[in-house]
Amino acid sequence: MTLRVLVAGALIAVLAGCALSIPDAPIETPEPAESATDFVARVNAELSELAEESGSAAWVQSTYINKDSARLAARAQERNAAFLSRAVAESTQYDLAAIDPVSARALRQLKLGTAQPAPDNDAARRELAEITTRMEGLYGAGRYCPAEGECRTLGDLVAVMATSRDYEEQLDAWLGWRTVAPPMRDDYARFVELTNAGAQELGYGNLAEMWQSGYDMPAADFDAESARLWGQVEPLYEALHCYVRRELSETYGEDRGPLYGPIPAHLLGNLGPQGWANITYLVAPYPDVESPDVTTALQAQDYTAVQMVELGEDFFVSLGMPELPESFWALSQLTQPRDRDVVCHASAWPLEGGNDPRIKMCIEQTGEMLSTIYHELGHIYYFLAYKDQPTLFQDGANDGFHEGIGDTITLSLTPEFLAGLGLVDEIGEGDEALINTQMQMALDKIAFLPFGKLIDEWRWRVFTGDITPDNYNAAWWDLRTRYQGVAAPVARSERDFDPGAKYHIPANTPYTRYFLAHILQFQFQRALCDAAGFEGPLHACSIYGSEAAGDKLWAMLELGSSQPWQDALEAATGTREMDASALVEYFNPLLGWLETQNEGQACGW
Ligand code: X8Z
Ligand code: ZN
């Protein structure tokens, strides 16, 4: 299924694929029969009409995984792809430099309206739609069935990783989940061929170039732009890595938790390769001083999924934003159904152009899930804010903005704020409590950064042909070691397909958006705290209840993608650049502490 259905844009499955043949050189064309504005208006109307059906088909595919729902979703995807090919082909009759700028922007968005462009022929569209629905089904219905014992689902294995500190048990879960991925390998290789061909028909060199074209800057500059941002945060990550590696070595012993070199990937509390928040209590700087423990509080108070989502809604409402519509509560999937396979990976859906917004989650009583609820509601409030924009502008200013809104709200969940909700018993006072809290945040937000960066570096190189099926897995582990300083705990080979064990690979959701979001959210927070009149260190700010901050945020959200992101960012924050200085400012206390801890240590890997 498309990225846009899953996480952000309102173009949803309508834009599941596209293609056309673009002539090499401009040719003289007669004056178009339809004006550019009329053409754009017609495309907007047809897109929103098509999205109703394909949105529902995709929703059913993800919430009732079976042969029939896959077939129906694949057919809807094919129809969208055919429409998109036709619309993009027709749009080439307009000279973007000569038509009004709003129509020109809309036509550029149209061309970027899918993450998985299909070549413009029925057979290729069908093959691609079948491959993508199959890969997502394999992930969603994935089970680890050991030689002895019962099969286990993704949720079962995530729970093991989050709570177990038994080396072998974690290794078994880590390896077990990776057994779902090898069957996707051939499909993925074919997927790359088809979508690259689709991107080429659209005039891009390959799908990497197409993905990199979505940032209101030349595609060729985007790699350097993301490298620049990584350079700003890399020292923080290295300092965190150095400290965590030492703590793990103490827990597991030097033979299993080495003091030098990469950290074994299965010791970080997460099945996926990103956040490390689940090992907070193993690495807490001051174990005898209070650290927020939202999971225990949610369990002790037996919070329901609905109550957890209500907490999230309440925050947005406190900023002056609307309550969630009744249909959200009636039609969202909040918990895992017992009787069927679903895709549990959390997502937000702009059905009916944002008039029927829903989330799809399998909520459990954990702090991590509560953060994900805020994340998803960030998407939902974006949908609500831009739903009156034309369909082609119903999207984030860039995809990092969309991913960063709910995360920005999580920065306001300070210990004081959580204590007000009754989710933290005692607010620790003083520097030691602050360092504990900052460590917990860093294990989530800083540990994520290199993974957020590398996953698309892998895909970009796959799409350019630099990484081929013969070295999919080896190249994956090279990048994981280079960026994250983690290593596979046992030898891996090209019979494995470890990238496929991460949801966004079979679902083909571009990932740089999360890397950008992890930087942008601190920029947004700094601007919103200013608007709220907060004075004090950034890490202590909560914007809860500030309508001034809410107005500022809403003004950015309601623009959708109608303006270049640089303009949206400038209006909200006063700067036109994505910049990690707010992140560095937020973590300043921890960084100072880590530097002292790491003095004289051999850091790096
Ligand atoms: O996929 C997500 C969201 C849905 S857009 C739950 N995230 C990434 C992940 O889980 O890998 C949020 C953070 C990174
Ligand atoms: Zn998201």
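Ligands are counted one by one from 1 in listed order, and the atoms in each one are counted from 1 as well.
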Closest heavy-atom pair, Ile380 versus Pro357, reported as atoms and distance to 0.1 Å, is CD1-CB, 3.8 Å

With Lys453 via salt bridge (charged side-chain N to carboxylate O under 4.0 Å, His left out) - residues at least two apart: Glu457

Enumerate the atoms of ligand 1 whose separation from the nearest heavy atom of Glu403 is less than 4.0 angstrom. 5 (S)

Cation-aromatic face contact Arg459/Trp211, 6.0 Å, 45 degrees: no

Could you tell me, atom by atom, which parts of ligand 1 come under 4.0 Å of a heavy atom of His379? 5 (S)

Please list, in number order, the atoms of ligand 1 under 4.0 Å from a heavy atom of Lys502. 9 (C), 10 (O), 11 (O)

Return yes if a side-chain donor-acceptor contact under 3.5 Å exists between Glu403 and His379, otherwise no. yes

Do any of the N/O/S atoms of Glu403, backbone or side chain, fall under 2.8 Å from the Zn ion (ligand 2)? yes

With heavy atoms and a 4.0 Å threshold, my read on which part of Tyr511 contacts ligand 1 is side chain

As a check for students: among Met361, Arg513, Glu376, identify the option with a heavy atom nearest to atom 6 (C) of ligand 1. Glu376

Any side-chain donor paired with an acceptor under 3.5 Å for Asp399 and Tyr215? yes

Phe448 near ligand 1, heavy-atom distance under 4.0 Å? yes

Salt-bridge test for Asp456 and Arg461: reply yes if a basic N is under 4.0 Å from a carboxylate O, no otherwise. no

The Zn ion (ligand 2) to His402: any N/O/S contact under 2.8 Å? no

